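Notes to accompany the following structure.
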Amino acid sequence: MSSWGFLIERAATKEINLPPLLSRLPASDRDSEMREESDPYGADHTSELRIAGRVVLNVWRLMRSEVAFYSYTFENMMFHVLHERVPKFDHAALTRWWRHRTSLYRWRVVDYYLARAHGNLALLDQLDLVGRTAELARLFGIQFFEVISRGSQFRVESIMLRLAKRKNYVAVSPSVQQRAQMKAPEYIPLVMEPESRMYTDPVVVLDFQSLYPSIMMAYNYCFSTCLGRVANMGDTKPYPFGCTELKVSPQRIAKLEDQVTFSPGGMAFLRPHLRRGILPQMLKEILDTRVMVKKSMKLHKEDKTLQRVLHSRQLGLKLIANVTYGYTSANFSGRMPCMEVADSVVSKGRETLERTIKMIDSNKKWGARVVYGDTDSVFVLFAGKTKAQAFDIGEEIVAAVNDANPKPVKLKFEKVYLPCILQTKKRYVGSMYETREQTEPVYEAKGIETVRRDGCPAVAKMLEKCLRILFETKDVSKVKQFTQRQFRKVLAGNASVQDLTFAREFRGVSGYKPGAMVPALELTRRLTRADRRAVPRTGERVPYVIVYGEPGRPLIQSVKSPAEVLADPGMRPNAQYYITKVIVPPLNRCFSLVGADVMAWFLELPKVSRPRLTGVGPRPSTSKGSGVILQYFASHHCAACDALSTQPLCDACRSRPQSTVLNLGSKIRAWERACSDLGKICRACAGFDASYQYQQDACKSMDCPVVYRRRRAELDAEQVESVQAILDNLML
DNA sequence: TCTCCCTCCTAA
DNA sequence: TAAGTTAGGAGGGAGA
């Protein structure tokens, strides 16, 4: 939007087709182009820009698949990846400087853009993106850009087909119709419904290492070894198999009698001595290589560069092993799916897990009980046992289970939770010990709001803090104390707007069903009316805040961008909404399990806490909507004590002028000091000297907490004038 | 108030 | 033109 995209659009208005000129084939305008926003492919995937003979990297899109953040703006990435604060100036300021007579100002613009160009390269460098992509390309035997632009099916095929070719196998290429006619899967992985409560006894987590790949290896499951359904055995005619058909004569089947195994789903597979499957062989090679790579990592501990290369290599190998199963079950987009193989893997995995659970539960000696399990893991409760005992018996269980399963299926001791909360399927949190020697536990959460990015940061922070307090002190009253303090902060309007900002991925203007109520879409529609280039890129995370609105109106009308909220003093985050709808429910989902009611804690708070008054005295409203909002929600407050009042000062404060004068004076000083201090920090960060005084040129970064606080402080300072007037009257 | 549908994000 | 899978919880809106 602000680099090549802008230049190309700009050139187009001058009737210059820029992309070919950037390419290695300037004469051909066919292979270099910018994809349209409406283009279903490309826009949401790699780069919207295609330049012949060059690899175009879209840095933020790469970052998006690389790390999980609330926002992927340049400034936010620079801070979280490189721990560097960089300013963001708006086009107006940059234009003003560029047109300025003195070169000092013009240089500022050049510096600004140079810093961005360098920053992009520094980000790529820091994450070693080019190095790792090249390593994956080597590993899978595909091209550099294909690592980015193509999916995992391509990678699996690249490796699998090389093996298959040696054995003279040819892969089938089913048509779309054939794929659609394939049988539906019949098995699903086992996900237990946990007993939803807090566990104060040790809970041991055991999981199977690479369960699906090891099952394929252990039982020789592969396209090339599958004979299809037992029910079809003996058919003289071809019977359905995968996307196509299979024909094995009854005579051959009879001969094979002892040479086949059956999956729980009723599929027959050849034993490995008769024919070794391609997939098992491929997986074995991959996992053996991974073990080798890990060994050599241990050998070359000092060589940092080599470590990095080896690490990404072993990660790539793990990745490819895990998606091999996905390749066989890709019934929507698959290029060669085979439900018979995929279903067998799932059914065998399920059977393995069920067998494990039965084994643990039925062994009285262990005194253990499985309380939860998901696909390849079991959570084992040791009621009344110590942590040390849990480690001992856990190891014993692992050994016993491994004895009962063929190689390379392997159960592994993962960790002990003490204590933990199991909320629902796929949602739990606990204090984790990974080794016997560990004395300080590590907080770990899965699936709950502390690890999700669809709430606002305030929820994640509060929930995590509350859980830590609970785990550390086992004292719910301490949690209550903390929670109520935070509620008061939100009610008083003292919470950071940044912490109350949601961010959701934008799917494109045409990416939603008609009538879908989506904040990101609603916001985009409104903002693009002012600037049609303001449409977010597909996949970009769009931030928004919920402000006070008219009662009874749908929530969607209270969706505002953080910039709008900061620019308009009439808008305040909707404290009621945030507390009762956003913060309390996730907290309650945890704390109702220990008998607490967070909503009751909130209702206990005195009702006087109200949204802070934004305008003192008569004050022109800066936007059309704010008048309405003020009318409904911001009743007038006393400038000195914040109590409700129709006058600028309440009767109580007017009756004791001396203390009120002091109070107002110190308020003004505090606002001005905050404004000036925060301004200093921002100017230093943006590379201005101390004398620089133009406020309108200030940094506009929406990802910087200092900028947020500064802009709030500026709004407070705007009140100085009216408060000063009240003060003057009082003195008179 | 309940149900259904859509959207979003995470676990495995 | 490309696209690994399913399970699962949760919130919001519309309509019964």
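If you're wondering where the values come from, they're calculated on a predicted model, not measured in any experiment. Chain letters run A, B, ... following the sequence lines, proteins first, then strands; residues in each count from 1.
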- Message: Evaluate A:Glu464 against A:Arg468 for salt bridge (charged side-chain N to carboxylate O under 4.0 Å, His left out), listing each step before the verdict.
- Response: CA-CA 6 Å; A:Glu464 179 165 342; A:Arg468 283 176 186 275; 2.9 Å; yes

Regarding [X], tell me which of base, sugar-phosphate or nothing describes its non-hydrogen contacts under 4.0 Å with the strands shown.
X: A:Ile556; answer: sugar-phosphate
X: A:Arg155; answer: nothing
X: A:Tyr187; answer: nothing
X: A:Thr375; answer: sugar-phosphate
X: A:Arg507; answer: sugar-phosphate

- Fit a plane to each ring of A:Phe487 and A:Phe602, take the angle between them on a 0 to 90° scale, and name the class: parallel (under 30°), tilted (30 to 60°) or perpendicular (over 60°).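 A:Phe487 and A:Phe602: perpendicular rings.
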
- Map A:Ser329 and A:Val191 onto DNA chain C by nearest heavy atom, then report which one ends up closer to the 5' terminus.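 Looking at the nearest nucleotide for each, A:Ser329 comes out on the 5' side.
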
- Message: On DNA chain C, does the nearest nucleotide to A:Gln423 precede the nearest nucleotide to A:Leu555 from the 5' side, or the other way round? Give the residue.
- Response: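 It is A:Gln423, whose closest nucleotide lies nearer the 5' terminus.
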
- Message: Tell me whether A:Arg504 contacts the main-chain N or O of A:Val542 through its side chain, where contact means a donor paired with an acceptor under 3.5 Å.
- Response: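 Pair absent, no side-chain N/O of A:Arg504 close to backbone of A:Val542.
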
- Task: Verify the ring-centre separation between A:Tyr428 and A:Phe379: is it less than 6.0 angstrom?
- Result: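 Yes, close enough.
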
- Please check if the distance between the ring centroids of A:Tyr578 and A:Phe502 is under 6.0 Å.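 Judged by ring-centre distance (under 6.0 Å), A:Tyr578 and A:Phe502 do meet the cut-off.
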
Measure the distance from [atom1] on [X] to [atom2] on [N] and round it to the nearest whole Å.
X: A:Glu522; N: B:dC6; atom1: CD; atom2: P; value: 18 Å
X: A:Asn322; N: B:dA11; atom1: CG; atom2: P; value: 16 Å
X: A:Met192; N: C:dA7; atom1: CE; atom2: P; value: 18 Å
X: A:Asp343; N: C:dT6; atom1: CG; atom2: P; value: 11 Å
X: A:Phe208; N: B:dA11; atom1: CZ; atom2: P; value: 21 Å
X: A:Arg504; N: B:dC9; atom1: CZ; atom2: C1'; value: 9 Å

- Message: Going by the rule salt bridge (Lys or Arg N to Asp or Glu O under 4.0 Å), which residues pair with A:Glu135 if we only count those two or more places apart in sequence or in a different chain?
- Response: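 Salt bridge (Lys or Arg N to Asp or Glu O under 4.0 Å) list for A:Glu135, sorted by chain: A:Arg138, A:Arg313.
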
- Message: Let's see if you can work this out: which of B:dT7, C:dG4, C:dA7 has an atom nearest to the side-chain heavy atoms of A:Val518?
- Response: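 Closest of the options to the side chain of A:Val518: B:dT7.
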
- Message: From the set B:dA11, C:dG4, B:dC8, return the single nucleotide nearest to any side-chain atom of A:Lys426.
- Response: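 Selected nucleotide (nearest to the side chain): B:dA11.
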
- Task: Apply side chain to side chain contact (heavy atoms under 4.5 Å, CB included) to A:Tyr70 and A:Thr501, showing your working.
- Result: CA-CA 10 Å; A:Tyr70 275 96; A:Thr501 303; over 6 Å; no

- Message: Run the salt bridge (charged side-chain N to carboxylate O under 4.0 Å, His left out) test on A:Glu186 and A:Arg229 for me, step by step, so that the C-alpha distance in whole Å, both residues' side-chain angles and the decisive distance to 0.1 Å come before the verdict.
- Response: CA-CA 13 Å; A:Glu186 291 171 20; A:Arg229 274 155 227 281; 3.4 Å; yes

- Query: Is the cationic atom of A:Lys348 (NZ for Lys, CZ for Arg) positioned less than 6.0 Å from the six-membered ring centroid of A:Tyr221 and within 45 degrees of its normal?
  - Reply: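 No - A:Lys348 does not lie over the ring of A:Tyr221 by the 6.0 Å and 45° rule.
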
Under 4.0 Å between a side-chain N or O of [X] and OP1 or OP2 of [N]?
X: A:Lys425; N: C:dG8; answer: yes
X: A:Arg350; N: C:dA7; answer: no
X: A:Arg150; N: C:dA2; answer: yes
X: A:Tyr372; N: B:dA12; answer: no

- Please list residues of residues 577-593 of chain A whose heavy atoms come under 4.0 Å from any atom in DNA chain C, ordered by number; otherwise none.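 Contacts with DNA chain C under 4.0 Å: A:Tyr577, A:Pro585, A:Arg589.
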
- Query: Between residues 441-452 of chain A and DNA chain C, which residues have a heavy-atom gap below 4.0 Å?
  - Reply: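 Those residues whose heavy atoms fall under 4.0 Å from DNA chain C, taken from residues 441-452 of chain A in numerical order, are A:Arg452.
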
- Message: Applying the side chain to side chain contact (heavy atoms under 4.5 Å, CB included) criterion to A:Val380, which one of A:Ile360, A:Val371, A:Thr356 satisfies it?
- Response: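 So the option named by the test is A:Ile360.
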
